Enquirer: 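What follows is a single structure, and I will ask about it in a moment.
We count residues from 1, following the sequence as given. Not measured: the values here are computed from a predicted model. As a basis for the values below, the full set of heavy atoms in this structure was taken, side chains included, without hydrogen atoms, waters or symmetry mates.
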Amino acid sequence: QVQLVESGGGLVQAGGSLRLSCAASGLTFSIYHMDWFRQAPGKEREFVAAIKSSGRNTYYADSVKGRFTISRDNAKNTVYLQMNSLKPEDTAVYYCAAAVVGTSYTSPAYWGQGTQVTVSS
């Protein structure tokens, strides 16, 4: 059974930083592209960042480019999202997701339960 478990969310002031982690189990982590999405209250879920299975290619939404960094440790089956210079508009539930190699990283097959990030002004 595939499980993606996010951690690291919380409350932070604007301008601060948080590091999200997502631990994966039940899948061969090294053949999955890993994503972060987010959903703010009253809004649709949106793409935040993705990292290819090899870790060599990363992709970001324009709204987080230059502030967020996605990385992965295939030995630990874990993907990270380092979030710096946080803004109140980054407040959302952040979801980890996995897309098998050969499919689009924008259409993941597996999702975590989400972790809340709240940025106060």
Enquirer: Mind listing the closest non-hydrogen atom pair of Met83 and Leu86 along with its distance?
Expert: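 In terms of heavy atoms, the two residues are closest at CB-CD2, 3.8 Å.
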
Enquirer: For the residue pair Arg72 and Tyr80, would you count it as a cation-pi contact if the rule is NZ or CZ under 6.0 angstrom from the ring centre and within 45 degrees of the ring axis?
Expert: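 Negative - Arg72 is either too far from the ring of Tyr80 or too far off its axis.
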
Enquirer: Identify whether Phe37 and Val117 are in the same connected component of the hydrophobic contact network (ILVMFWY, side-chain heavy atoms under 4.5 Å).
Expert: no

Enquirer: To the closest 0.5 Å, what do you measure between CG (Leu81) and OG1 (Thr115)?
Expert: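 It is 11.0 Å, given to the nearest 0.5 Å.
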
Enquirer: For a side chain to side chain contact (heavy atoms under 4.5 Å, CB included) check, start with the C-alpha distance between Ser17 and Gln82, then their side-chain angles and the critical distance, and finish with the verdict.
Expert: CA-CA 7 Å; Ser17 298; Gln82 177 66 45; 4.0 Å; yes

Enquirer: Using 0.5 Å steps for rounding, measure from the OG atom of Ser25 to the CG atom of Asn77.
Expert: 8.0 Å

Enquirer: Taking His33 for the side chain and Ser53 for the main chain, is one N or O donor matched with an acceptor at less than 3.5 Å?
Expert: yes

Enquirer: Tell me whether Tyr94 is reachable from Leu18 by hopping between hydrophobic residues (I, L, V, M, F, W, Y) whose side-chain heavy atoms are closer than 4.5 Å.
Expert: yes

Enquirer: Under a 3.5 Å distance rule, please check whether Thr91 uses its side chain to pair with a backbone N or O of Val119 as donor and acceptor.
Expert: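 Present.
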
Enquirer: May I ask you to decide whether Lys65 forms a salt bridge with Asp62, counting only side-chain N to carboxylate O separations under 4.0 Å?
Expert: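 Yes.
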
Enquirer: As an exercise, state the distance from OG of Ser85 to CZ of Arg67, rounded to the nearest 0.5 Å.
Expert: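 It comes to 7.0 Å.
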
Enquirer: What heavy-atom pair brings Ser71 and Val79 nearest, and what distance separates the two atoms?
Expert: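 Result for this residue pair: O-CG2, 3.1 Å.
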
Enquirer: Examine Tyr105 and Ile70 and state if one hydrophobic cluster contains both, with Ile, Leu, Val, Met, Phe, Trp and Tyr joined whenever side-chain heavy atoms are less than 4.5 Å apart.
Expert: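 Each belongs to a different hydrophobic cluster.
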
Enquirer: If you apply the rule side chain to side chain contact (heavy atoms under 4.5 Å, CB included), what do you find for Phe29 with Lys76, and how did you get there?
Expert: CA-CA 9 Å; Phe29 187 73; Lys76 294 183 178 180; over 6 Å; no

Enquirer: Show the nearest heavy-atom pair for residues Ser107 and Ala99, with the distance to one decimal.
Expert: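 Heavy atoms only, the tightest pair is O-CB, 4.2 Å.
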
Enquirer: Ala98: what forms a side chain to side chain contact (heavy atoms under 4.5 Å, CB included) with it, not counting sequence neighbours?
Expert: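 Ala98: side chain to side chain contact (heavy atoms under 4.5 Å, CB included) contacts with Leu4, Leu27, Tyr32, Met34, Tyr110.
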
Enquirer: Examine Val93 and Trp36 and state if one hydrophobic cluster contains both, with Ile, Leu, Val, Met, Phe, Trp and Tyr joined whenever side-chain heavy atoms are less than 4.5 Å apart.
Expert: no

Enquirer: Under a 4.5 Å side-chain heavy-atom rule over Ile, Leu, Val, Met, Phe, Trp and Tyr, are Val100 and Trp111 clustered together?
Expert: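 No, separate clusters.
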
Enquirer: Passes side chain to side chain contact (heavy atoms under 4.5 Å, CB included), Gln113 versus Val5? Steps please.
Expert: CA-CA 7 Å; Gln113 298 282 356; Val5 180; over 6 Å; no

Enquirer: Rounded to the nearest 0.5 Å, what separates atom OH in Tyr60 from atom CZ in Phe68?
Expert: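 Here the interatomic distance stands at 10.5 Å.
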
Enquirer: Could you tell me whether the side chain of Glu46 and the main chain of Arg38 form a donor-acceptor pair under 3.5 Å?
Expert: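 Absent.
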
Enquirer: Nearest 0.5 angstrom please: Ile51 CD1 to Asn74 CG, how far?
Expert: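 Between atom CD1 of Ile51 and atom CG of Asn74 there are 8.0 Å.
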
Enquirer: When you check the side-chain N and O atoms of Thr78 and Asp73, is any donor under 3.5 Å from an acceptor?
Expert: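 No donor-acceptor contact under 3.5 Å links the two side chains.
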
Enquirer: Taking Ser54 for the side chain and Arg56 for the main chain, is one N or O donor matched with an acceptor at less than 3.5 Å?
Expert: yes

Enquirer: Look only at the side chain of Glu6 and the backbone of Ser21, and say whether a donor-acceptor pair between them is shorter than 3.5 Å.
Expert: no

